[in-house]
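Note that the structure is predicted; figures quoted are calculated from it, not measured. Note on naming: letters A, B, ... go to the chains in the order of the sequence lines (proteins, then strands), and numbering restarts at 1 for each one.
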There are 2 protein chains.
Amino acid sequence: MTAMAPARSAPDLSYLLDHTSHVLRTRMAAALAEIGLTARMHCVLVHALEEERTQIQLAELGDMDKTTMVVTVDALEKAGLAERRPSSTDRRARIIAITEKGAEVAKQSQAIVDGVHQAALDALPKDEAEVLLRAMNRLVTEHLATPAEAPQGVRRARQKS
Amino acid sequence: MTAMAPARSAPDLSYLLDHTSHVLRTRMAAALAEIGLTARMHCVLVHALEEERTQIQLAELGDMDKTTMVVTVDALEKAGLAERRPSSTDRRARIIAITEKGAEVAKQSQAIVDGVHQAALDALPKDEAEVLLRAMNRLVTEHLATPAEAPQGVRRARQKS
DNA sequence: TATTGTTATACTCTATAACTATA
DNA sequence: TATAGTTATAGAGTATAACAATA
């Protein structure tokens, strides 16, 4: 959706943010798809490499639901990039261990991600890119840190079958 | 989803754009919901007010599917903000005419939209806000103008029932 | 034949609920 | 009792197909 603001209005920040984030997301998806990854898979791969983490911990880091995590880990396992290992301290939990192949793919995917990001920043004058990042970081940590409550779209509890 | 970039990487533009656009979208939805509008309804309202436009033209302007347009116009009609009128030049097409009440609501909703945008920009130092807008406009018109093709997510044709 | 608007429906995504096994 | 992970499925959003009227 576009164009929240006609003439004589405040600049249409909604459009600017929505459009750029959408286009960048499609670029990223397309670039990662070339090595068989989704953005979520890359995200889990990278965080699981940093240290031993359970599915729940990885879900929180990637801001996903634990059920979404299940399918993401399923995909990583199926591709031979990760394995579920029982935690030595909690028999309920699974540590997501990255395989050797997974580590290699993670290196590639990180290069891809960095490349897509850098290409966008390089398309700007250096000083603009710098200020853009500073301003965006400020918004993310301050005024636009937390989402508003959903207005009417409250998800109803599902019916008992 | 968050955190495409760990240490030693290019700045995580994906996260910055996704997070800010998501939060701003929830703010906008919540603010517009107070007068019974969705962002789409506001968008159609404003564009239909500018000049006589058909549903298809409005759909293109708002980057929606024509079927999404149908439900949006349904909602506007039900709320008494717009009416479908037969086009005088093409008997297939419907002109979306905004009612008096619709015009008034559009004025309010535009003020709401501007307020949400301005509040975000006011949260930044003036020079940062200026450069942010310049940089975002540059990205939107240049490097991040057009989405990449969807990689695998090709929608299959539906089965004949 | 192509296009506007409509209805109906299928697809994708994600969250909810319910469950098992542990804690 | 609460939590980690799993399965199954409901709900929201949206695109596709088919259609009627008209171009």
Side-chain angles (χ1 to χ4, degrees), chain A residues 1 18 22 25-26 29 38-41 43-44 48 52-78 82-97 147 150-161, chain B residues 1-2 18 22 25-26 29 33 38-41 43-44 48 52-78 82-97 147 150-161:
Chain A
M1 233 261 308
D18 285 353
H22 171 244
R25 185 195 300 270
T26 64
T38 61
R40 269 196 243 280
M41 287 164 80
C43 181
V44 170
E52 290 217 339
R53 284 181 168 135
T54 65
Q55 287 190 204
I56 291 251
Q57 290 171 329
L58 291 167
E60 270 160 22
L61 281 168
D63 194 33
M64 323 175 198
D65 194 86
K66 63 181 180 171
T67 59
T68 307
M69 194 65 210
V70 170
V71 300
T72 306
V73 174
D74 284 351
L76 288 172
E77 257 192 341
K78 203 174 147 189
E83 289 170 12
R84 288 172 165 97
R85 293 198 190 143
S87 161
S88 51
T89 60
D90 184 339
R91 284 196 288 171
R92 293 169 306 181
R94 318 293 191 86
I95 301 294
I96 303 309
Q152 81 287 19
V154 187
R155 183 77 57 112
R156 278 156 283 332
R158 84 161 162 151
Q159 309 298 45
K160 268 211 181 160
S161 60
Chain B
M1 232 261 310
T2 58
D18 286 353
H22 172 244
R25 187 194 299 269
T26 64
T38 62
R40 269 195 245 279
M41 286 164 80
C43 180
V44 170
E52 290 217 340
R53 281 178 169 138
T54 66
Q55 289 191 202
I56 289 251
Q57 289 171 329
L58 290 167
E60 269 161 22
L61 280 168
D63 196 32
M64 327 175 196
D65 195 87
K66 62 179 180 171
T67 60
T68 306
M69 194 63 208
V70 170
V71 299
T72 305
V73 173
D74 284 351
L76 288 172
E77 257 193 341
K78 203 174 145 188
E83 289 171 11
R84 289 172 164 96
R85 295 201 188 142
S87 161
S88 52
T89 60
D90 184 339
R91 282 196 292 172
R92 292 170 306 180
R94 318 294 191 86
I95 301 295
I96 303 308
Q152 82 287 18
V154 188
R155 184 77 57 110
R156 279 155 285 334
R158 83 162 162 151
Q159 311 296 45
K160 267 210 182 164
S161 60

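In this structure, Pro147(A) and His22(B) approach most closely via the heavy-atom pair CG-CE1, 4.0 Å. Of all heavy-atom pairs spanning Ile96(A) and Ala48(A), the tightest one is O-CB, 3.8 Å.
Looking at heavy atoms from C-beta onward, Met41(B) lies out of side-chain contact with Val44(B) at the 4.5 angstrom threshold.
At whole-Å resolution of the value, CD1 in Ile56(B) and C1' in dA2(C) are 12 Å apart. To the nearest angstrom, P of dT9(C) lies 18 Å from CG of Asp65(B). Rounded to an integer number of Å, the gap from CE of Met69(A) to C1' of dT14(C) is 15 Å. When rounded to the nearest whole Å, the span between CG of Leu58(A) and P of dT6(D) equals 12 Å. The CG-P distance, from Asp90(B) to dA23(D), rounds to 6 Å in whole Å. Between Met41(B) atom CE and dG13(D) atom P there is a gap of 14 Å when expressed in whole angstrom units. In this structure, the CD atom of Gln55(A) is 17 Å from the P atom of dT3(D), given to the nearest Å. Between the C1' atom of dT4(C) and the CD1 atom of Ile95(B) lies a distance of 12 Å, rounded to the nearest Å.
Applying the 4.0 Å criterion to OP1 and OP2 of dT4(C), one finds that Gln57(B) has every side-chain N and O outside that range. Residue Arg91(A) places at least one side-chain N or O closer than 4.0 Å to OP1 or OP2 of dA23(C). One finds a side-chain N or O of Arg40(A) lying less than 4.0 angstrom from the OP1 or OP2 phosphate oxygen of dT14(C).
Residue Thr67(B) places its side chain closer to dT6(C) than to any other of dT6(C), dG5(D), dT22(D). In the set dT6(C), dT14(C), dA4(D), the nucleotide with an atom closest to the side chain of Val70(B) is dT6(C). For Thr68(B), whose side chain is taken as the heavy atoms from C-beta onward, the closest listed nucleotide among dA23(C), dT14(D), dT6(C) is dT14(D). Counting only heavy atoms from C-beta on, Lys66(A) has its side chain closest to dA18(C) among dA18(C), dT14(C), dG5(C).
Between Asp74(B) and Arg84(B) there is a salt bridge, since a side-chain N of the basic residue sits under 4.0 Å from a carboxylate O of the acidic one.
Nearer the 5' end of DNA chain D, as judged by each residue's closest nucleotide, is the contact made by Arg92(A), out of Arg84(A) and Arg92(A).
Taking CD of Gln55(B) as the start and OG1 of Thr68(B) as the end, the distance is 11.5 Å to the nearest 0.5 Å.
Within the nucleic acid shown, Thr54(A) comes within 4.0 Å of sugar-phosphate atoms alone, with no base atom in reach, counting heavy atoms only.
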